[in-house]
Amino acid sequence: MGNRTNYSPRKYGTVLDWIHIVTGVTVVILAVLAFTNPSENMILFPIIFFMASVLNLTTGWFYLKMYPRMKKKRASGAGYLILGALLFVLCIISAVSLWGNA
């Protein structure tokens, strides 16, 4: 027999859950810091957008990889990928606008 890989949604779902937890808590903490004193913590906005884009891109990849035959899951995965790409573009725009003035 050839190499067999085990792609169970349950195994990768646990990893995705941990990514959601860690990234979500980090984004919330950074957002609170950024909005309490925005003039000093403007550098946090591109980081927040980047982490949100990574979160959406990993979720979209998970849906596309784990559910290849379910059209609704694939459609939502494509939506997550598009949203992640838009957030990444927003991250680049905010980084250029903040660091371009420095």
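Remember, it's a predicted structure, so these values are computed and weren't measured experimentally.
Criterion: ILVMFWY side-chain heavy atoms under 4.5 Å apart, direct or through other members. Under it, Val96 and Leu86 are not part of a common hydrophobic cluster. The cluster map of Ile, Leu, Val, Met, Phe, Trp and Tyr, joined by side-chain heavy atoms under 4.5 Å apart, puts Leu90 and Ile82 in different clusters. No continuous path of hydrophobic side-chain contacts links Leu16 to Val22 [ILVMFWY only; heavy atoms under 4.5 Å]. Under the 4.5 Å side-chain heavy-atom criterion for ILVMFWY residues, no single connected hydrophobic cluster contains both Trp61 and Val89. Placement of Val32 and Leu30 in two distinct hydrophobic clusters is found when ILVMFWY residues are connected by side-chain heavy-atom separations under 4.5 Å, directly or transitively.
Counting heavy-atom neighbours within 6.0 Å of Met42 CE, excluding the residue itself, gives a total of 12 or less. Heavy atoms from other residues, nucleotides or ligands lying under 6.0 Å from CZ of Phe49 number more than 12.
For the pairing with Thr23, the side-chain contact (heavy atoms from CB on, under 4.5 Å) check across Thr26, Ile19, Ile21 returns one residue only, Ile19.
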Worked verdict on Phe35 versus Phe45 for side-chain contact (heavy atoms from CB on, under 4.5 Å)
CA-CA 10 Å; Phe35 284 112; Phe45 287 108; 3.8 Å; yes
Could you give me the CA-CA distance, side-chain angles and deciding distance for Tyr80 and Phe62, then say whether side-chain contact (heavy atoms from CB on, under 4.5 Å) is met?
CA-CA 10 Å; Tyr80 278 118; Phe62 176 78; over 6 Å; no
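Remark: Leu33 CG to Glu40 CD distance equals 11.0 Å, nearest 0.5 Å. Here the straight-line distance linking atom CD1 of Ile47 with atom CG of Asn41 works out to 10.0 Å at 0.5 Å rounding. One distance of note links CG of Asn56 with CZ of Phe88; it measures 13.5 Å at 0.5 Å rounding. One distance of note links OG of Ser76 with CG of Leu81; it measures 9.5 Å at 0.5 Å rounding. Atom OH of residue Tyr63 and atom CE of residue Met70 lie 10.0 Å apart, to the nearest 0.5 angstrom. Put simply, CZ on Phe50 and CG on Leu44 are 14.5 Å apart, with the number rounded to the nearest 0.5 Å.
With no hydrogens or angles considered, a side-chain donor-acceptor pair links Thr59 and His20 at under 3.5 Å.
Looking at Ser53 and Cys91, their side chains never come closer than 4.5 Å, going by heavy atoms from C-beta outward. Side-chain contact between Ser39 and Asn37: present, with at least one pair of heavy atoms (C-beta onward) separated by less than 4.5 Å.
The two residues Ile48 and Ala34 have their closest heavy-atom pair at CD1-CB, 4.2 Å.
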